[in-house]
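To keep things clear, I will list the structure first and then write my remarks on it.
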Amino acid sequence: MPNTPHISRRELLRGAALVPVAGALAACATPAAKPTASSSAAPVATSAANPFGMADNKPLEVWIFDGGFGQDYAKNIHQPLFKSKHPNVEIKHNATKEITKVLQPRFAGGNPPDVIDNSGANAMDFGALAQDSQLQDLTPLLDAPSWDDPNTKVRDTIDQAVIDLGTYDGTFSVLGYVNYIFGIWYSQKAFRDNGWEAPKTWDEFLKLCETIKKSGKMAPFTYAGKFPQYLYEPLLTMAAKIGGAEVLVNIDNLEDGAWKSDAMKTSATAWAEIGAKYLMEGTAGLDHVQTQTAQNKYKVAMLPSGSWLENEQKTTTPADFEYGMFPIPDFGSSDKLPYGSLHSQPSENFIVPSKSPNPQGGMEYLRAMLSKKAAGDFSEMVKTVSVVKGAGEGRQLSPGAESATKAFAAAGTNVVYYRWQTWYAQLKDEAIAATGELMTGGLKPDAYLERLQKKADEIKNDSSIKKYKR
């Protein structure tokens, strides 16, 4: 992750020192014209066909995170579908990998765009946006008739988890569009050719790593060394398996000592051993694409990622690579959660800024995205699973998507998630830095957890930071 100066939550959106520099960056990326005052336009009546009262002659500015899923789905699926009902609306499509750098100054200047896919390593802080009243209340979207059926509300077409995890301080304001399914990814072909089997216990995982290492054919394990959040995901998931979902709930709720629980210590110790013995050489200096490409070249066997991986690597993956995913192995017989439990949560998060020129159009764009056709076409194009119920029915799933979907189905109700990293950006930054040091041996497990607990306590005791609770 790029090194950036520390910015407090208040400074994130209103800092005087930040705006001139970042504003210049934004100006290079997109014109920052002042929004047209909505009060100057005549109100538009709402109807089943136009539930938000969107003006049909008002342009719509859309920004897409150009990451694992690219941007073609927006240009070739969502926007044409939107235009099929609203042909007079001009859509101004934009894409970037640097969401915060490009769009944060727009919020500070009072002229944010209308729809943002606020995703990726450099996404804006949702907690700060919510605290500063920058997010449109999307409850009207939930209660609007669905794009496909005027007799069915949007809320009844999506997974409940979308609503639960998109609610900040009692208001639904963030739309997760994709069911991210996390696990350990590998080549089914490589495993089959070498007689390796996906492990179900931690002992089996360690033995597999040792077998692969001794074979000399490839390194056993890697992760995105420059983005250690890829590694704290399996670390936290293992802790939840060991100690139960409450381990993650307590961390989210900033409970005293939550980071230093026995389950967290056991998990941190286990993953530190992987860092010491089984990492691909040079891992710490590589980003996610470099490590994933190394796997495509059969230089490394396993890595942690989410269900966007297959699409992200489509240009470098051999035709017969055959992605597969397995859940975090059982640590021991006393685990609180059974084998197959995994981390999954709605993500690829879309927002409508409350102070944009056309929030009504923004919500209508999201309504189109949540149609069964749009979600199904999206799932098929980018090899992943949408949050829209039934969107994947009758679709041809790729090997990785099929593997992840089966794992998700097998998990049933044993699915865990955490929210602290979207609630508290400073804690996320600390966890990224500390996890990198843990995996390279710069921090021992106890010191690692002590460092994260200290940061959590600082946030808990900072009255300027809005607190959230599960």
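Values in this document were obtained by computation on a predicted structure and should not be read as measured data.
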Qualifying residues under side-chain hydrogen bond (donor to acceptor under 3.5 Å, both in side chains), relative to Thr316, sequence neighbours excluded:
Asn296, Gln313
Donor-acceptor contact below 3.5 Å, side chain Lys466 vs main chain Ala128:
no
I'd like to know if Asp252 and Arg419 make a salt bridge, using a cut-off of under 4.0 Å between side-chain N and carboxylate O.
no
Can you list everything that forms a salt bridge (charged side-chain N to carboxylate O under 4.0 Å, His left out) with Asp114? Sequence neighbours excluded, please.
none
Do other residues, nucleotides or ligands put more than 12 heavy atoms under 6.0 Å from the NZ atom of Lys265?
no
Taking only residues two or more places apart in sequence or in another chain, which ones pass side-chain hydrogen bond (donor to acceptor under 3.5 Å, both in side chains) with Ser354?
none
Do the two ring centres, one from Tyr186 and one from Tyr323, sit under 6.0 Å apart?
no
Quick note, ring-ring contact (aromatic ring centres under 6.0 Å, His included) partners involving residues 232-258, not counting sequence neighbours, are Tyr232-Trp420
Does Lys455 reach the main-chain N or O of Leu427 with its side chain, forming a donor-acceptor pair under 3.5 Å?
no
Is it true that atom NZ of Lys389 has more than 12 heavy atoms of other residues, nucleotides or ligands lying nearer than 6.0 Å?
yes
Would you say that more than 12 heavy atoms from the other residues, nucleotides or ligands in this model lie under 6.0 Å from the CG of Asp137, or not?
yes
Exactly one of Phe331, Tyr230, Phe221 clears ring pair (Phe, Tyr, Trp, His ring centres under 6.0 Å) with Trp271, and that residue is Phe221
Go through the steps for Thr291 and Gln295 under the test side chain to side chain donor-acceptor pair (under 3.5 Å), then give the verdict.
CA-CA 6 Å; Thr291 52; Gln295 186 182 49; over 6 Å; no
Would you call the rings of Phe205 and Trp202 parallel, tilted or perpendicular, where under 30° means parallel and over 60° means perpendicular?
tilted
Tell me whether Thr293 contacts the main-chain N or O of Gln290 through its side chain, where contact means a donor paired with an acceptor under 3.5 Å.
no
Does the cation-pi check pass for Arg367 over Phe82, that is, NZ or CZ under 6.0 Å from the six-membered ring centre and within 45° of its axis?
no
Can you confirm whether or not the ring centre of His288 sits under 6.0 Å from the ring centre of Tyr223?
no
Look only at the side chain of Tyr365 and the backbone of Glu61, and say whether a donor-acceptor pair between them is shorter than 3.5 Å.
no
Taking the side chain as everything from C-beta on, heavy atoms only, tell me whether Val62 gets closer than 4.5 Å to Lys75.
no
Show your reasoning for whether side-chain contact (heavy atoms from CB on, under 4.5 Å) applies to Leu342 and Phe182.
CA-CA 7 Å; Leu342 50 73; Phe182 295 88; over 6 Å; no
Looking at Lys277 and Glu273, does any basic side-chain N land under 4.0 Å from a carboxylate oxygen?
yes
Who are the side-chain hydrogen bond (donor to acceptor under 3.5 Å, both in side chains) partners of Glu437, not counting sequence neighbours?
Arg451
Have a look at His78 and tell me which of Phe69, Phe350, Trp147, Tyr73 forms a ring pair (Phe, Tyr, Trp, His ring centres under 6.0 Å) with it.
Tyr73
Show me, pair by pair, the donor-acceptor contacts under 3.5 angstrom made by side chains of residues 154-162, not counting sequence neighbours?
from	atom 1	to	atom 2	distance (Å)
Arg155	NE	Asp143	OD1	3.0
Arg155	NH2	Asp143	OD1	2.9
Thr157	OG1	Val154	O	2.7
Asp159	OD2	Asn179	ND2	2.9
Gln160	NE2	Asp164	OD1	2.9

Exam field: side chain Thr100 to backbone Met124, donor-acceptor pair closer than 3.5 Å:
yes
Test log, rule side chain to side chain donor-acceptor pair (under 3.5 Å), inputs Tyr418 and Gln345
CA-CA 9 Å; Tyr418 45 88; Gln345 61 191 80; 6.0 Å; no
Applying side chain to side chain donor-acceptor pair (under 3.5 Å), run through Asp203 and Thr201 and close with a yes or a no.
CA-CA 5 Å; Asp203 283 344; Thr201 70; 5.5 Å; no
Counting only N and O atoms by type, is there a donor-acceptor contact under 3.5 Å from the side chain of Glu310 to the main-chain atoms of Gly400?
yes
